[in-house]
Asks: 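Provided herewith is a single structure, encoded as structure tokens, for subsequent inquiry.
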Amino acid sequence: MFAMTTGKQSEAAIIARILAGEKELFHELIRPYERMVYLTAFSVLKNETEAEDAAQVAVINAYRHLASFRRDAKFSTWLVTIALNEARQKLRRDKRAVLESIEETTEESEGDYTPAFLTDWREIPLEALERKELREALQKAVTELPDHYRRVFSLRDLQEMSIQETAEALNMAPGLVKTQLRRARIMLQKKLVPFLKTTPPAQRGWFRRAR
Amino acid sequence: MKLDCKHVWGYISDYIDDSVEAGVREDIERHLEHCEICSAILDSTRNILILTADKRTFEVPVGFSEKLHRRLEEEIKQERKPDEN
């Protein structure tokens, strides 16, 4: 399938063909990034319907402005930037920006960035991580993160962009991305550990992140 | 250098991202070998990140892709027939 085999080279070729008039190819160009665009919008808007709408507008904007895409940039990062812009504009239109900017300036010094202890993590079975309640608890915890931490966390850990790409898309210094990511991860660990502790021990087994 | 737990917590995020210097990495690993608490914090954080990246945890709404491509199709068609607008 196209999406599976697309490298940067062929992606550049597809973009060139679209710009030369094969407009229908934009459907294929965008397909591997749909989820990313949606999740980016969701990280700002925290609402499914609004995020869906913003994601659609972002994709249409990307289509309209494809000629302004720089060849040396990464297409996914460019798209994420467009999605962020659209979601932020939507937020502003909904007059929620006031609240957000207050949060941005005050939150930096707030909070306790100490992780939660648990000594029995190794007892937590694989099934526990497969449970629906845990996924829901995680969704809720991510939604409840302070806005700027959630954006960094969403790009880096949910959409699995690199620190550098995250920094570029959010127009932040990589060092700040790392700091905010560190805090976001600790906040989530803290919120989810008490939840995991209620899990009755069963068989062992757990995954490791391959990186 | 011998690290205490508090130092290790500060490094856990970067450690997971493999962005700590080799020397510090060794110090962290030496600490983790004997510290159950920090090992558990590392494992739990890592597992939360695995769960986060799992596509079933954060799903796109049903019908999202179809609606998106329909809207894109309209945009492409509209552009092709500017006289008819």
Side-chain angles (χ1 to χ4, degrees), chain A residues 23-24 26-27 30-31 34-35 37-39 42 48-49 51-52 55-57 59-60 63-64 113-122 124 129-130 134-136 138-139 141-142 153-154 156-160 162-163 178-179 181-186 188-189 192-193 196 206-209 211, chain B residues 4-21 24-25 32 34-82:
Chain A
K23 298 182 188 300
E24 293 289 333
F26 194 83
H27 286 284
I30 208 77
R31 227 175 275 278
E34 288 170 13
R35 184 170 182 271
V37 172
Y38 170 78
L39 291 175
F42 188 84
E48 274 198 14
T49 315
E52 193 171 354
Q56 287 184 8
V57 175
V59 168
I60 299 292
Y63 171 72
R64 287 182 184 162
Y113 302 108
T114 311
F117 305 136
L118 76 170
T119 49
D120 54 355
W121 175 268
R122 284 161 208 280
I124 293 167
L129 294 170
E130 288 290 322
L134 181 53
R135 292 183 192 280
E136 285 169 359
L138 178 57
Q139 286 163 11
V142 171
F153 181 80
S154 182
R156 171 73 184 115
D157 286 334
L158 219 165
Q159 297 162 224
E160 301 189 277
S162 70
I163 297 279
K178 284 188 189 177
T179 306
L181 194 62
R182 188 153 57 224
R183 291 174 179 176
R185 286 169 171 177
I186 288 174
L188 292 175
Q189 192 264 2
L192 291 167
V193 158
L196 287 162
W206 47 305
F207 5 21
R208 273 195 175 271
R209 199 175 208 198
R211 25 170 102 150
Chain B
D4 62 23
C5 293
K6 254 194 146 149
H7 274 106
V8 172
W9 305 338
Y11 283 123
I12 279 177
S13 180
D14 291 343
Y15 180 81
I16 289 173
D17 283 340
D18 204 8
S19 65
V20 284
E21 292 167 30
V24 179
R25 169 165 284 270
L32 290 171
H34 65 82
C35 183
E36 282 270 315
I37 292 171
C38 290
S39 298
I41 291 169
L42 173 67
D43 289 345
S44 56
T45 307
R46 208 178 239 157
N47 281 331
I48 287 165
L49 298 186
I50 290 167
L51 197 63
T52 300
D54 185 324
K55 290 195 166 51
R56 290 168 299 169
T57 306
F58 291 89
E59 293 177 317
V60 297
V62 177
F64 167 72
S65 183
E66 291 77 6
K67 277 186 257 175
L68 177 72
H69 285 277
R70 224 178 297 138
R71 194 158 166 184
L72 186 60
E73 190 55 49
E74 281 167 24
E75 173 73 20
I76 295 172
K77 269 190 201 151
Q78 224 173 34
E79 209 190 26
R80 285 233 166 99
K81 307 172 191 168

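Just so we're on the same page: letters track the sequence lines, and every chain starts at 1.
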Asks: Once you round to the nearest 0.5 Å, how far does CG of B:Leu72 lie from CD1 of A:Ile30?
Replies: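 B:Leu72 atom CG to A:Ile30 atom CD1 measures 7.5 Å (nearest 0.5 Å).
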Asks: Output the distance between atom CD1 (A:Ile186) and atom OG (B:Ser13), rounded to the nearest 0.5 Å.
Replies: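 A:Ile186 atom CD1 to B:Ser13 atom OG measures 7.5 Å (nearest 0.5 Å).
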Asks: If you round to the nearest 0.5 Å, how far is CD of A:Glu160 from OG1 of B:Thr52?
Replies: 9.5 Å
Asks: Which bit of A:Leu158 comes within less than 4.5 Å of chain B, counting heavy atoms only: side chain, backbone, both or neither?
Replies: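 Interface part for A:Leu158: both.
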Asks: Counting only non-hydrogen atoms closer than 4.5 Å, does A:Phe42 touch chain B with its backbone (N, CA, C, O), its side chain (CB onward), both, or neither?
Replies: neither
Asks: Heavy-atom distances under 4.5 Å only: say whether A:Ala141 touches chain B with side chain, backbone, both or neither.
Replies: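 For A:Ala141, no heavy atom lies under 4.5 Å from chain B.
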Asks: Do A:Arg35 and B:Phe58 pass the side-chain contact (heavy atoms from CB on, under 4.5 Å) test, and can you show the C-alpha distance, the side-chain angles, and the key distance before you say yes or no?
Replies: CA-CA 9 Å; A:Arg35 184 170 182 271; B:Phe58 291 89; 4.1 Å; yes
Asks: For A:Lys178, enumerate each residue passing the salt bridge (Lys or Arg N to Asp or Glu O under 4.0 Å) test, keeping only those at least two apart in sequence or located in another chain.
Replies: none
Asks: Under 4.5 Å heavy-atom distance to chain A, tell me which part of B:Glu73 shows up: side chain, backbone, both or neither.
Replies: both
Asks: How far does CZ of A:Arg185 sit from CD1 of B:Ile41, to the nearest 0.5 angstrom?
Replies: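 A:Arg185 atom CZ to B:Ile41 atom CD1 measures 15.0 Å (nearest 0.5 Å).
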Asks: A:Glu24 versus chain B, heavy atoms under 4.5 Å apart: side chain, backbone, both or neither?
Replies: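 For A:Glu24, backbone and side chain are both near chain B.
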Asks: Rounded to the nearest 0.5 Å, what separates atom CD1 in B:Ile48 from atom CG in A:Leu188?
Replies: 6.5 Å
Asks: Using non-hydrogen atoms only, which part of A:Val142 is less than 4.5 Å away from chain B: side chain, backbone, both, or neither?
Replies: side chain
Asks: Could you check whether A:Gln189 and B:Thr45, counting side-chain N and O atoms only, form a donor-acceptor pair closer than 3.5 Å?
Replies: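 A:Gln189 and B:Thr45 do not have a side-chain donor-acceptor pair below 3.5 Å.
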Asks: With respect to chain B, which residue among A:Val37, A:Leu138, A:Leu181 yields the maximal number of heavy-atom pairs within a distance under 4.5 Å?
Replies: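 The candidate making the most pairs under 4.5 Å is A:Leu138.
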Asks: Which heavy-atom pair separates A:Ala55 from B:Leu68 by the least distance, and what is that distance?
Replies: O-CD1, 4.2 Å
Asks: I'd like to know which of A:Lys23, A:His27, A:Glu136, A:Arg64 tops the heavy-atom pair count under 4.5 Å against chain B.
Replies: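 Going by pairs under 4.5 Å, I would pick A:His27.
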Asks: Under the side-chain hydrogen bond (donor to acceptor under 3.5 Å, both in side chains) rule, collect the residues that match up with A:Glu52, sequence neighbours excluded.
Replies: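 Only B:Lys67 meet the side-chain hydrogen bond (donor to acceptor under 3.5 Å, both in side chains) criterion with A:Glu52.
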Asks: Can you name the one residue among B:Arg70, B:Arg71, B:His69, B:Glu75 that meets side-chain contact (heavy atoms from CB on, under 4.5 Å) with A:Gln56?
Replies: B:Arg71
